[in-house]
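Below you'll find the structure, written out as structure tokens, and then a few comments.
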Amino acid sequence: MLVFTNTETRSKQPFKPLADSDVKLYTCGPTVYNFAHIGNFRAIVAYDLLKRWLAARGFRVNHVMNITDVDDKTIRGARAAGIPLSAFTARYTAAFFDDCAALRILKPDITPAATAHIPQMIALVRTLVDKEFAYVAGDGSVYFAIGKFPAYGRLSHLDRGGLRDGARVAQDEYDKDNVCDFVLWKAWTEDDGGVKWDSPWGPGRPGWHLECSVMAREYLGDTLDVHMGGEDLVFPHHENEIAQSEAATGKPFVRFWLHNAYLQVDGRKMSKSLGNFHTLRDILARGYTGREVRYLLLSAHYRQPLNFTFTGLHAARSALQRLDDLRANLARAASAAGEARPEAQAAVDAARAAWTAALDDDLNTSAALAALFDLVRQANVWLQDGAMQGGDARAVLAFMDEADKVLAVAGADDAAPEEVTRLAAERAEARAAKNWARADEVRKKLAELGFTVEDTPAGPRVKRL
RNA sequence: GGUGGCGUAGUCAAGUGGUUAAGACGAUGGUUUGCAAAACCAUUAUUCAUCGGUUCGAAUCCGAUCGCCACCUCCA
């Protein structure tokens, strides 16, 4: 039985979409003001995992992920760069999708940009004003009155009394009825430069929380099956989304709230001042690959804090090479004749059952990987002692392929450089001639290029060190 | 200050009342190899931050203490 931990109830609940097997999924996307860092990508990979597992379980997923292309940071960034907001955000939107591709993220069905939905946002604000859930302040900003929405705090379980002492509530929050009221429409100020849209309340721009309510509704309807995001978004972002959406529609906004935990770096929060801030690009530039980062991000349960280290990234590389090696060996063995032995079939079935149970249990990837690696060891034993039948290899490979539809880590990201391939061939010749000195010399050269070479019955195989 | 999460081997990380406490990486010894690597075998937590308590039984439940992380108005 597929269960997810629902942040709203703080418990695991059996998952069933509202309509048959169609899942309406909304995930909070990036604010495109900079290159995304691996912490951001922990969330993105978690979304991808959810999607892939839902698909594996036979659901059709309709996935919407927003692109926040207007807010304080994007406006500030565009001004600093001296280019229009749209040009600025286009740059980082493209970079974001490139990074996603490197991480083998399936594209969402729709990735709506906030700036492309301003009329709908204005319409929602108008509805909220008409229904008296929102009020217009003196400067033309529109605020949501949380006092009018009794369920406020339902998701985050924060009691309103506690919110008053919030350390970051600005002292100059004029004009609000309640300090916790949040902005739906932000009146234009000089800092916004040319970024503004006309509205019934004067020029301005949408508040951040508004876009998700609007775009989720636009593409998925009033009630979503799953809404996912980082744990930091629980309050206020998601709380505010609930308030806006439910006040406007009178219907439940989200059935399952899923939140992923933070990524830590060297046991601490990732921050620029600590010098442990990594963008995906930085990591790729250091010679690691997207699938290695992906594997590392998948190696812990999404709701548990995960500690990122380069040691861990290297461990991911080793684990992936082990899977690659087995895959290559199985591919060769699979061409042999022979039915799968009952013993082998049983082992594969057991692995599949454990794998499924683990992922059904709130996407427990750690446990799922354990099931996979149990079978990996078993398969290696069969290869080792010559018991592997063609059918065995095909059965194991079939499961590995199935598992990889979810993990998406099989296959190297990049081929070895030509130079490396050439050296490997040269070394194979030297070995054939039993010129061991020359062979060792070439191997040393390869090591200098960051590669190692293995002699297998099928010929040399190069790997990254 | 309020709220929530976490602390399991050298590292990463499952497990949340009874299991030999998963799995990965690393390390050491062995088999194998031209030498290696990979693979396999063996070893690597009598113990789950600490201290108490509940229970026939606790890593798992309760309390206290220590440490880390996050949220408390625009950070995934």
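Letters A, B, ... mirror the listed sequences (proteins, then strands); counts begin at 1.
Residues A:Ile122 and A:Trp201 meet the side-chain proximity criterion, which asks for heavy atoms closer than 4.5 Å. Side-chain contact check for A:Ser213 versus A:Leu124: some heavy-atom pair is nearer than 4.5 Å.
Between A:Arg154 and A:Glu246 there is a salt bridge, since at least one side-chain N of the basic residue sits less than 4.0 Å from a carboxylate O of the acidic one.
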Which atom pairs link the protein and nucleotides 26-30 of chain B when you take only N or O atoms and keep those under 3.5 Å?
from: B:G26; atom 1: OP1; to: A:Ser318; atom 2: OG; distance (Å): 3.4

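Not a single donor-acceptor pair, N or O on each side, falls under 3.5 Å between the base of B:C72 and the side chain of A:Asp232. Checked by distance alone, A:Asp440 brings a side-chain donor or acceptor within 3.5 Å of a matching partner on the base of B:G34. Below the 3.5 angstrom threshold, one finds no donor paired with an acceptor across the side chain of A:Arg377 and the base of B:C40. Between the side chain of A:Arg427 and the base of B:G34 there is at least one donor-acceptor pair of N/O atoms closer than 3.5 Å.
For A:Tyr135 and A:Phe133, the distance between ring centers is not under 6.0 angstrom.
Between A:Asn329 and the phosphate of B:A39, there is no side-chain N or O to OP1/OP2 separation shorter than 4.0 Å. Here A:Arg322 reaches the OP1 or OP2 of B:C25: one of its side-chain N or O atoms lies under 4.0 Å away.
Regarding A:Asn380, its CG atom lies at a distance of 9 Å from the P atom of B:C41, rounded to whole Å. Regarding A:Gln304, its CD atom lies at a distance of 20 Å from the P atom of B:G23, rounded to whole Å.
Residue A:Ala319 is the one, among A:Arg461 and A:Ala319, whose nearest nucleotide of RNA chain B lies closer to the 5' end (criterion: closest heavy atom).
Residue A:His301 is classed as a sugar-phosphate contact, given heavy-atom separations below 4.0 Å to backbone atoms only. No engagement by A:Asp385 is indicated, since no non-hydrogen atom pair under 4.0 Å with the nucleic acid exists.
Between B:A9 and B:U60, the distance separating the two P atoms is 15 Å to the nearest Å. The C1' atoms of B:U47 and B:U8 are separated by 9 Å, rounded to the nearest whole Å.
Nucleotide B:U20 is matched to nothing when pairs are restricted to Watson-Crick or G-U wobble geometry with both distances under 3.5 angstrom. The pairing partner recorded for B:C25 is B:G10, the criterion being a Watson-Crick or G-U wobble arrangement whose two distances lie under 3.5 angstrom.
No hydrogens or angles considered: nothing links the side chains of A:His37 and A:His278 as a donor-acceptor pair under 3.5 Å.
Under the 3.5 Å distance criterion, the side-chain polar atoms of A:Asn6 are matched with a main-chain donor or acceptor of A:Trp257.
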